[in-house]
K.L.:
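Pasting a structure here, questions to come.
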2 protein chains.
Amino acid sequence: MDHPDQQEKSYHHGDLRRAILDAAERRLTENGFDAVTIRACARDAGVSPAAPIHHFGSLKGLLSALAARGFEQLVARLDADLATRTESGPSLLVGAYVAFAVSSPRMFDLMWREDVLDPDGGDLSCARRVALERLQAHVKPTQASGDERIRAIRAWSLAHGLATLLQHGRMQKALGAPGSALSTTQDFATLAYDDGFSSF
Amino acid sequence: MDHPDQQEKSYHHGDLRRAILDAAERRLTENGFDAVTIRACARDAGVSPAAPIHHFGSLKGLLSALAARGFEQLVARLDADLATRTESGPSLLVGAYVAFAVSSPRMFDLMWREDVLDPDGGDLSCARRVALERLQAHVKPTQASGDERIRAIRAWSLAHGLATLLQHGRMQKALGAPGSALSTTQDFATLAYDDGFSSF
DNA sequence: TCCACTATCTAAACATTGTTTAATTTACGC
DNA sequence: GCGTAAATTAAACAATGTTTAGATAGTGGA
């Protein structure tokens, strides 16, 4: 253990900020967005409700810090997925992007719910910028003409839209039977690799 | 006026369900998602908090009915936009879809926030089905081979992703200066029409 | 016409939430 | 060691969603 229960004594927790973020992340992934609440996270950490507020300012602040974690995880995922391949380009990006969204649906959701996040500033703004630059970096190398921006927009839009619609389970109807050939995550990732996508 | 203040008397309001939905929609578009609460809508309609609950069951029910309105508006918008053109196909669909999302950002947002909506059933489920069938209807005619599903998925994903990212204002960074040639709604709609999209 | 019946709405309460305030406890620099 | 700043608590506040019991009104049948 890196930072065990310490003694779970001592008026000062020692690493309360991380402990509360951990609780928030656990609640998000296990019980959904509604379960991540200032008071609940405080209870999980064995602390009073005012303590999280002192560290994050408000619920928006806590959620923003949590979303920042999400962007960091996305970058890690992209790097890991793309490291296993020698070639590069938007189709790989789409696959990895969608894979992250499907494997961490609630986190992915939070990351784009800007109404509950603090308007830019702090960790979130930084983490998001890093992630977006990484995304663009994976798209740009394949440009052939001057309209690389258009291709980048299309690739990102396709990835984001596919991820979102998949997550909301709105694709089955368009795809037919749930057991069809295009129902697994892997298949959807493959979808982006296959024919036609090279037109980007 | 169709249903004016009536007399704003009479224990029974007469059309309270619609009045509350109107208040909710006004609050959503003018003051954002957080402003649409049971109590606030009840106040707007001059009624007690329990009255909306009687009509919608819960806040989720009210939001679901509101989202249903959104899907109806989307269908109306698609029909109106596409009626002005003789040809058909996914690129037109993308333009109209994105146009709706940009012109009604908060409504569009609500329509996809399924965590705050009632799981399928009732008006929402119906309105959503109608909208999705209409979307598919606009995509299918252009199919050439057997992979029409893939093309439909791509078109819809592109439209949805583009709409979402635009709405969150995450495109400017990818596009460069805000005043650039690709910064207006019309330009984005055009983006979908232009070259490359025919590959769908 | 009158009377049950049902739908509609109110009033008051409850539990829960985010947030603030004042006070208390600890750590840390000098 | 001491004083200052940070971390944390306890108690309160306002606002919310929801429930309960009851009041009111429209409606359909004898």
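Order of the sequence lines fixes the chain letters, A, B, ..., with proteins taken first and strands second; residue numbering starts at 1 for each chain. Note that the structure is a prediction, hence the values are computed from the model and not measured.
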K.L.:
If the test is side chain to side chain donor-acceptor pair (under 3.5 Å), which one of B:Asp44, B:Asp22, B:Thr37 qualifies with B:Arg27?
P.N.:
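Single side chain to side chain donor-acceptor pair (under 3.5 Å) partner of B:Arg27 among B:Asp44, B:Asp22, B:Thr37: B:Asp44.
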
K.L.:
Can we call the ring centroids of A:Phe108 and A:Tyr97 under 6.0 Å apart?
P.N.:
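So the answer is yes for these two rings.
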
K.L.:
About how many Å separate OG of B:Ser125 and CG of B:Asp118, when rounded to the nearest 0.5 Å?
P.N.:
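It is 11.0 Å, given to the nearest 0.5 Å.
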
K.L.:
CD1 of A:Ile53 versus C1' of D:dA6: gap in Å, rounded?
P.N.:
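Taking CD1 of A:Ile53 and C1' of D:dA6, I get 17 Å after rounding.
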
K.L.:
Would B:Leu124 end up clustered with B:Leu132 when hydrophobic side chains under 4.5 Å apart are linked, directly or stepwise?
P.N.:
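Yes, one cluster joins them.
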
K.L.:
Go through A:Leu63 and A:Phe56 one step at a time and tell me if the side-chain contact (heavy atoms from CB on, under 4.5 Å) criterion holds.
P.N.:
CA-CA 9 Å; A:Leu63 293 172; A:Phe56 298 98; over 6 Å; no

K.L.:
Do A:Arg77 and A:Ser104 have side-chain atoms, one donor and one acceptor, less than 3.5 Å apart?
P.N.:
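No, no side-chain donor-acceptor pair sits under 3.5 Å.
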
K.L.:
Check every atom of C:dT8, C:dT10, D:dT18 against the side chain of B:His54 and return the nucleotide holding the closest atom.
P.N.:
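The answer is C:dT8.
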
K.L.:
Rounded to whole angstrom units, what separation is found between the NE2 atom of B:His55 and the C1' atom of D:dG17?
P.N.:
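Value for this atom pair: 17 Å.
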
K.L.:
Under a cut-off of 3.5 Å for both distances of each Watson-Crick or G-U pair, what dot-bracket string does DNA chain D give, using [ ] for crossing pairs and | for inter-strand pairs?
P.N.:
||||||||||||||||||||||||||||||

K.L.:
Nearest whole angstrom, please: distance from the C1' of C:dT25 to the CG of A:Leu16.
P.N.:
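Taking atom C1' of C:dT25 as the reference, CG of A:Leu16 is at 15 Å.
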
K.L.:
With salt bridge (charged side-chain N to carboxylate O under 4.0 Å, His left out) as the test, pick out the partner of A:Arg128 among A:Glu114, A:Glu133, A:Glu72.
P.N.:
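The salt bridge (charged side-chain N to carboxylate O under 4.0 Å, His left out) with A:Arg128 is passed solely by A:Glu114 among A:Glu114, A:Glu133, A:Glu72.
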
K.L.:
Using a cutoff of under 3.5 Å, can you pull out all pairs of nitrogen or oxygen atoms linking the protein to nucleotides 13-17 of chain C, with atom names and distances?
P.N.:
{"unit_1": "C:dT17", "atom_1": "O3'", "unit_2": "A:Thr37", "atom_2": "OG1", "d": "3.2"}

K.L.:
Could you give the CG-to-C1' distance, from A:Leu62 to C:dT19, as a whole number of Å?
P.N.:
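Checked: the CG to C1' distance equals 14 Å.
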
K.L.:
Assess whether salt bridge (charged side-chain N to carboxylate O under 4.0 Å, His left out) is satisfied between A:Asp79 and A:Arg134, documenting all intermediate values.
P.N.:
CA-CA 9 Å; A:Asp79 287 350; A:Arg134 194 72 57 104; 2.5 Å; yes

